[in-house]
Amino acid sequence: MPRWCCGAVRCRCCWCATRAFRPTAERSVAATPDGALLFRARGLAKTYRSGEVEVRALHDVNLDVARGEFIVLLGPSGSGKSTLLNILGGLDVPSTGTLEFAGRRLDGAGEAALTAYRREHVGFVFQFYNLIPSLTVRENVALVTDIARNPMPVDDAVAQVGLTERRDHFPAQLSGGEQQRVAIARAIAKRPEVLLCDEPTGALDYQTGKLVLEAIARVNREQGTTAIVITHNAAIAGMADRVIRLGDGCIQRIDTPARKLAPAELAW
Ligand SMILES: Nc1ncnc2c1ncn2[C@@H]1O[C@H](COP(=O)(O)OP(=O)(O)OP(=O)(O)O)[C@@H](O)[C@H]1O
């Protein structure tokens with residue numbers, strides 16, 4: 001089985017399909033063949049300044065993320081998880097350090113370039129679903145497909161999260177877990193290379209949380225979409241290819257679980 005990657009979006013030829021090549025468990029950088037690399041961060045730091053007050057949210061972050069990886073980000077409140085996710089997603093910029101996405105520099109990119117990057121390459125899922133209440137499931141998803149360059153059909157995105165029968169319902173007619181799955185359908189409908197999820201199950205109960213995790217795992221498995229998920233729930237780490245633990249704004253540890261669990265196998 002080859003260990004290199006053709007580099008295509010949603011490549012199914014090698015690492016992405018087989019997981020045969022596993023990055024080693026390290027404190028920071030993991031070695032990855034160049035073509036398989038989606039993100040490469042070196043010396044990433046973020047300091048927020050407000051008047052005299054400085055908050056060092058991130059420092060000395062060195063990280064490679066391979067295409068098709070499922071990464072779980074853990075760490076105590078204030079450890080820098082959202083800051084890192086926002087920088088990877090082009091919602092924020094680092095104060096220093098370099099960040100490449102598929103070989104292109106994101107640090108120092110202007111607002112227009114970051115907007116194009118987010119629109120074309122990144123799907124976001126947040127704790128609260130941010131759906132438009134007056135639009136149906138299909139219409140909420142169509143908001144994205146109408147402006148994306150190479151979207152999937154709306155009904156395909158809705159089917160991927162198991163909501164075909166609810167596609168003409170409004171958000172108020174859906175449970176929290178179903179609304180979150182609409183948010184995932186909306187995020188994946190533009191066929192992003194990466195899905196960035198900030199506490200996607202934070203507002204959900206056990207069973208609905210698992211359905212949402214199943215939807216994210218399915219997109220990662222079947223579309224080859226890289227997924228990076230922030231959670232406070234350490235049990236979710238069992239789903240990951242790699243688990244990154246942040247503390248005090250830097251990477252404390254990276255683990256590669258011996259076996260990747262299906263969401264149904266997780267318990268908390
Ligand atoms: N816009 C901002 N201005 C000033 N400080 C900020 C800003 N955003 C984040 N911070 C600070 O940066 C640090 C890291 O915040 P961040 O939100 O990344 O942590 P987190 O690990 O995601 O926390 P939580 O789990 O509570 O969401 C915190 O001390 C936070 O107060």
Side-chain angles (χ1 to χ4, degrees), residues 26-29 38-65 69-99 101 106-111 114-115 117-118 122-130 176-177 179-180 183-184 187 194-206 208-209 212-213 216 226-255 266 268:
E26 298 289 348
R27 187 175 169 277
S28 55
V29 183
L38 196 64
F39 289 109
R40 177 186 165 92
R42 293 292 180 271
L44 217 57
K46 178 72 184 181
T47 301
Y48 293 105
R49 287 190 181 81
S50 170
E52 300 286 291
V53 182
E54 279 196 354
V55 178
R56 197 170 68 152
L58 275 186
H59 62 96
D60 198 24
V61 168
N62 299 301
L63 178 68
D64 287 351
V65 176
E69 267 199 289
F70 194 120
I71 287 182
V72 165
L73 269 180
L74 293 175
S77 187
S79 58
K81 303 181 296 297
S82 296
T83 302
L84 177 58
L85 203 80
N86 290 344
I87 291 174
L88 294 177
L91 290 170
D92 204 347
V93 290
S95 305
T96 56
T98 61
L99 175 64
F101 171 83
L106 286 183
D107 58 284
E111 198 47 56
L114 287 178
T115 301
Y117 163 66
R118 291 193 300 267
V122 188
F124 292 99
V125 177
F126 297 103
Q127 180 172 357
F128 300 104
Y129 329 117
N130 304 320
Q179 290 185 58
Q180 188 60 297
I184 293 170
V194 61
L195 192 58
L196 300 178
C197 309
D198 198 340
E199 284 279 355
T201 61
L204 303 175
D205 64 37
Y206 183 77
T208 39
V212 164
L213 293 174
I216 296 170
T226 305
I228 305 180
V229 177
I230 289 180
T231 180
H232 281 108
N233 182 351
I236 293 175
M239 291 174 62
D241 291 306
R242 286 193 298 158
V243 183
I244 298 177
R245 289 167 207 275
L246 287 179
D248 291 330
C250 64
I251 293 177
Q252 304 276 342
R253 186 184 157 137
I254 300 180
D255 292 310
L266 303 177
W268 63 87

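For ligands, and for the atoms within them, numbers begin at 1 and follow the listed sequence. Computed from heavy atoms alone, side chains included, the values below leave out hydrogens, waters and symmetry copies. Quantities reported herein were computed from a predicted structural model and do not represent experimental measurements.
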> Determine whether Val194 and Leu88 satisfy the following criterion, side chain to side chain contact (heavy atoms under 4.5 Å, CB included), listing intermediate values before the conclusion.
CA-CA 10 Å; Val194 61; Leu88 294 177; over 6 Å; no

> Considering non-hydrogen atoms of the protein only, which is the closest contact for atom 25 (O) of ligand 1, and what is the distance?
Lys81 NZ, 2.8 Å

> Using atom types as modelled and distance alone, determine if a side-chain donor or acceptor of Lys46 lies under 3.5 Å from a backbone N or O of Val93.
yes

> What's the shortest heavy-atom distance between Pro200 and Leu204, and which atoms?
O-CD1, 3.8 Å

> Could you identify the single nearest non-hydrogen protein atom to atom 6 (C) of ligand 1 and state the distance to 0.1 Å?
Tyr48 CD1, 3.2 Å

> Look at atom 30 (C) of ligand 1 and say which protein heavy atom is nearest, naming residue and atom and giving the distance to 0.1 Å.
Val55 CG1, 4.6 Å

> Looking only at atom types and distance, does a side-chain atom of Glu199 sit under 3.5 Å from a main-chain N or O of His232, one as donor and one as acceptor?
yes

> Backbone, side chain, both or neither: what part of Glu199 comes under 4.0 angstrom of ligand 1, heavy atoms only?
neither

> Give the numbers and elements of all ligand 1 atoms closer than 4.0 Å to a heavy atom of His232.
25 (O)

> Among Asp60, Asp107, Asp64, find the one that has a salt bridge (charged side-chain N to carboxylate O under 4.0 Å, His left out) with Arg42.
Asp64

> Of Thr47, Ile87, Asp92, which meets side chain to side chain contact (heavy atoms under 4.5 Å, CB included) against Leu58?
Ile87

> Does even one non-hydrogen atom of Ser50 get within less than 4.0 Å of ligand 1?
no

> Check whether any side-chain heavy atom of Glu69 sits under 4.5 Å from a side-chain heavy atom of Leu38, and report yes or no.
no

> I need the nearest protein heavy-atom contact for atom 15 (O) of ligand 1: residue, atom name and distance, please.
Thr83 OG1, 3.8 Å

> Work out whether the distance between some heavy atom of Gly80 and some atom of ligand 1 is less than 4.0 Å.
yes

> Identify which of Pro76, Ser79, Ser77 has a heavy atom lying nearest to atom 26 (O) of ligand 1.
Ser77

> May I ask you to check if ligand 1 and Gly78 share an N or O to N or O distance below 3.5 Å?
yes

> Shortest non-hydrogen contact from Ser79 to Pro76?
OG-O, 2.7 Å

> With respect to Ala57, determine whether any N or O atom, backbone or side chain, lies less than 3.5 Å from an N or O atom of ligand 1.
no

> Give me the residue, atom name and distance of the protein heavy atom closest to atom 27 (O) of ligand 1.
Ser82 OG, 4.0 Å

